[in-house]
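These notes are about the structure you will find just below.
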Number of protein chains: 2
Amino acid sequence: MGRNKKFDTVETIGQIQQVFIQKGYNATSLDDLVQATGLLRGSLYSTFGSKEGMFIAALSDSLEKESEESWHLILIAMTELTNQSKRVFEIINQWYHHQSYQTVTEKLGQIVLKESGITEVK
Amino acid sequence: MGRNKKFDTVETIGQIQQVFIQKGYNATSLDDLVQATGLLRGSLYSTFGSKEGMFIAALSDSLEKESEESWHLILIAMTELTNQSKRVFEIINQWYHHQSYQTVTEKLGQIVLKESGITEVK
DNA sequence: AATATTTTTGACTTTTTAGTCAAAAAAAGA
DNA sequence: TCTTTTTTTGACTAAAAAGTCAAAAATATT
């Protein structure tokens, strides 16, 4: 009973993913997320609890789908969150169990270089 | 003429490197750097100009020596600075010219995984 | 229609951030 | 020793950050 959410949570998570992928975690401000989602801070906080919660929602959703953009969020998680957030560590750790060291390191290395904007000679 | 610096700039750069390596760029605050170097903000700013300047000093110094810790700073540069700082982009871009795609992506991938704290099975 | 419950709203608070600056202190050079 | 130049000091500023909350609005349920 009571009001239903005015927005589509799935769509919002998609928008949050795009922001984190483009800017990384620490460099993303709540204003960035407010702007990208079209929601107000209160709505974001009542839905996700915290900035970390927003990232976790974005990451979890992405891992379920296992798309190319998952790798970007995994990289951000590993470089910016895994050592600060127990929950993110758990999520990534569990995901990693189903991967091979070779595949993961190779893919992450490629993404770092690509995202850096450094010209790939090859 | 005039006073000489009370501290050893080379030593200070070493301390700055350690902080950035441990926390990354955005997650490092000036207070962290003040604490690690034992200097005051004014001294850091008069020497390096800005937080970005402090990172550039740390990165440049590290690239000259080409040690294992260089890779950590290169990773941070690529994931957090290359798209925001023209100077860092130039430094990394030039460095990259003397490397091979294979070596770079492989090494970066390994470091991401190691730094993430995720258990390496292998 | 009345009520209970939820979401929305956005201004507000608190904390942290990078960066500044004028005065004091130190010391190099004459 | 005196002057000039530099560094040190640390309180201060301004901007940006994440997060809060009470009132208003909306609506599902009875």
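Remember, it's a predicted structure, so these values are computed and weren't measured experimentally. Below, chains carry the letters A, B, ... as their sequence lines are ordered, and counting in each starts from 1.
When the C1' atom of C:dA18 is taken as reference, atom CG of B:D32 falls 13 Å away, rounded to whole Å. Here the P atom of nucleotide C:dA11 and the OH atom of A:Y45 are 17 Å apart, to the nearest Å. Put simply, CZ on A:F48 is 14 Å from P on D:dG19, counting in whole angstrom units.
Taking the screw axis at each terminus of the helix from C:dT15-D:dA16 to C:dA30-D:dT1 from five consecutive base pairs, the angle between the two is 0° to within rounding of 10 degrees.
Using cut-offs of 30° and 60° for the angle between ring planes, the A:Y25 and A:F55 rings count as perpendicular.
For B:K6, there are no salt bridge (Lys or Arg N to Asp or Glu O under 4.0 Å) partners at least two apart in sequence or on another chain.
Nearest-nucleotide mapping onto DNA chain C: of B:G2 and B:S50, the residue sitting toward the 5' end is B:S50.
The neighbour count for B:Q22 CD, taken as heavy atoms of other residues, nucleotides or ligands under 6.0 Å away, does not exceed 12. Counting non-hydrogen atoms of other residues, nucleotides and ligands closer than 6.0 Å to CD of B:Q94 gives a total of 12 or fewer.
Remark: A:K107 engages A:E68 in a salt bridge, criterion side-chain N to carboxylate O under 4.0 Å.
Using a 4.0 Å cutoff on non-hydrogen atoms, the parts of residues 19-31 of chain A near DNA chain D are A:T28, A:S29, A:L30, ordered by number.
By the criterion of side-chain heavy atoms lying less than 4.5 angstrom apart, applied directly or through intervening Ile, Leu, Val, Met, Phe, Trp or Tyr residues, A:F48 is not grouped with A:L40; the two fall into different hydrophobic clusters.
Among residues at least two apart or in separate chains, salt bridge (Lys or Arg N to Asp or Glu O under 4.0 Å) pairs with a member in residues 88-105 of chain A are A:R87-A:E90. Sequence neighbours left out, the pairs with a member in residues 26-37 of chain A that pass side-chain hydrogen bond (donor to acceptor under 3.5 Å, both in side chains) are A:K23-A:D32, A:N26-A:E80, A:S29-A:D32, A:D31-A:R41.
Closest non-hydrogen pair, A:A58 versus A:I16, comes out as CB-CG2, 4.0 Å.
In this structure, B:V104 and B:W71 have side chains that are in contact, with non-hydrogen atoms separated by less than 4.5 Å.
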Are any protein N/O atoms closer than 3.5 Å to N/O atoms in nucleotides 7-11 of chain D? If there are, list each pair with its distance.
residue, atom, partner, partner atom, Å
D:dT7, O2, B:R3, NH1, 3.2
D:dT8, OP1, B:K6, N, 2.7
D:dT8, O4', B:R3, NH1, 3.4
D:dT9, OP1, B:K6, NZ, 2.9
D:dG10, O6, B:G42, N, 3.4

